[in-house]
Number of protein chains: 2
Amino acid sequence: MSSEETTVVRNTRQRSAVRDVLDRCEGFRSAQDLHAILRDAGEKVGLTTVYRTLQGLADAGEIDVMRPPGGEHLYRRCSQGHHHHLVCRSCGRTVEVEGPAVESWTEKIARENGFVDVAHTLEIFGTCEECVAKK
Amino acid sequence: MSSEETTVVRNTRQRSAVRDVLDRCEGFRSAQDLHAILRDAGEKVGLTTVYRTLQGLADAGEIDVMRPPGGEHLYRRCSQGHHHHLVCRSCGRTVEVEGPAVESWTEKIARENGFVDVAHTLEIFGTCEECVAKK
DNA sequence: GCGCTTTTGACAATCATTACCATGTCCGGG
DNA sequence: CCCGGACATGGTAATGATTGTCAAAAGCGC
């Protein structure tokens with residue numbers, strides 16, 4: 001039963017376009033944002049394709065997804081590997097942070113409760129210096 | 001400037017009903033679930049009211065809200081105070097956990113980056129013992 | 001270039017949540 | 001006990017992001 005699902009991934013203009021935009025953008029962007037940006041740049045890409053591409057990239061671990069309360073999904077090109085985000089509530093500025101201590105803590109807690117195959121999500125929200133100064 | 005918004009909160013049959021159901025339920029439930037349960041129990045409560053009540057309870061800190069990837073909001077009566085959840089991917093069983101170390105870590109990280117007024121969300125997912133055994 | 005497979009994209013469908021608003025209900029003062 | 005105004009309810013319509021559909025349009029290996 002070697003039903004090898006040899007799904008060949010192809011290189012298309014649209015996919016590169018989405019990647020490029022993500023590379024150029026600093027912060028998190030919604031799918032609809034990216035779609036609008038592409039339109040403005042003259043690249044004709046369908047909204048459906050944007051969603052599909054983003055999902056693919058997310059599955060491949062090339063981008064990160066955030067689900068802010070009461071809003072759309074936000075996507076961002078991120079450094080490889082596991083990390084978390086420190087996000088400014090006001091201006092959206094994002095800092096990538098790592099916390100080995102947290103990683104091991106979640107593992108420990110999970111193991112203590114008999115859980116295996118553990119994953120976790122962690123987002124930190126706050127107000128950054130500049131935004132405090134502006135007030 | 002004493003524009004006291006004296007919003008009086010009233011005690012209604014519907015609100016008590018929602019509370020009661022939450023008390024009786026163990027795990028996380030969606031708003032629509034709760035609505036269905038109330039219907040079945042003979043309590044006539046509108047879906048709109050269920051949503052409103054849940055929002056109110058969440059704002060008051062009496063219940064916790066979780067936003068699982070790709071699904072509805074889930075609500076649950078929780079112990080007071082700040083804590084996190086260890087959730088089984090398979091059966092939904094939930095364990096409340098506390099992590100003082102994590103709390104102080106997030107504070108420290110945020111301060112180091114000049115962020116103030118810090119909050120955070122943390123969910124741990126895994127597969128619990130029983131569900132592993134069933135496989 | 002050929003053909004097969006993947007991908008695209010316009011549009012419709014889905015589905016949880018919210019807005020609206022006329023009607024019902026609570027509650028304190030008389 | 002009864003009234004009046006404030007608050008709450010709930011059916012329905014609206015919203016809006018995301019996903020499904022499927023015929024047409026590219027990629028890629030040969």
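On a predicted model such as this, the values are computed, not experimentally measured, just so you know. Naming convention: chains lettered A, B, ... in sequence-line order (proteins, then strands); numbering from 1 in each chain.
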| remark: Letter by letter from the 5' end, nucleotides 22-30 of chain D scores (B base, S sugar-phosphate only, - none; protein heavy atoms under 4.0 Å) ----BBS--
| message | Show, in sequence, the C-alpha distance, side-chain angles and deciding distance for A:H82 and A:E103, and conclude whether the side chain to side chain donor-acceptor pair (under 3.5 Å) test is met. | response | CA-CA 9 Å; A:H82 184 74; A:E103 313 303 322; 3.1 Å; yes
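- Between A:R13 and A:E43, at least one side-chain N (NZ, or NE/NH1/NH2) sits under 4.0 Å from a carboxylate O, which counts as a salt bridge.
- Nearest to the side chain of B:A31, among C:dT17, D:dT18, D:dT9, sits C:dT17.
- The separation between B:Q32 atom CD and C:dT17 atom C1' is 8 Å, rounded to whole Å.
- Sequence neighbours left out, the pairs with a member in residues 47-63 of chain A that pass side-chain hydrogen bond (donor to acceptor under 3.5 Å, both in side chains) are A:R19-A:E62, A:Q32-A:Y51, A:E62-A:R77.
- Distances shorter than 4.0 Å separate some side-chain N or O of A:H73 from OP1 or OP2 on D:dT18.
- Protein atom CZ of B:R67 is 14 Å distant from nucleotide atom P of C:dA16, rounded to whole Å.
- Between the CG atom of B:L47 and the P atom of D:dT9 there is a distance of 13 Å, given to the nearest Å.
- A centroid separation of 6.0 Å or more is found between the aromatic rings of B:H120 and A:H85.
- One interatomic measurement links the two molecules: OH of B:Y51 to P of D:dA13, which rounds to 18 Å at whole-angstrom precision.
- In this structure, A:R29 contributes its side chain and A:I37 its backbone to no donor-acceptor pair below 3.5 Å.
- For the pair B:S30 and A:T49, both in contact range of DNA chain C, the more 5′-proximal nearest nucleotide belongs to A:T49.
- Following rounding to the nearest Å, B:E72 (CD) and C:dT18 (P) show an atom-to-atom distance of 13 Å.
- We find that CG of B:L54 is positioned 15 Å from P of C:dA16, with the value rounded to whole Å.
- Under a cut-off of 6.0 angstrom, the local environment of CD in B:E112 is crowded, with over 12 non-hydrogen atoms contributed by other residues, nucleotides or ligands.
- Salt bridge annotation for B:E96-B:R76: present, with a cationic side-chain nitrogen under 4.0 angstrom from a carboxylate oxygen.
- B:L38 has its CG atom 14 Å from the C1' atom of D:dG10, to the nearest Å.
- Atom CD of A:Q55 is separated from atom C1' of C:dT7 by 15 Å (rounded to the nearest Å).
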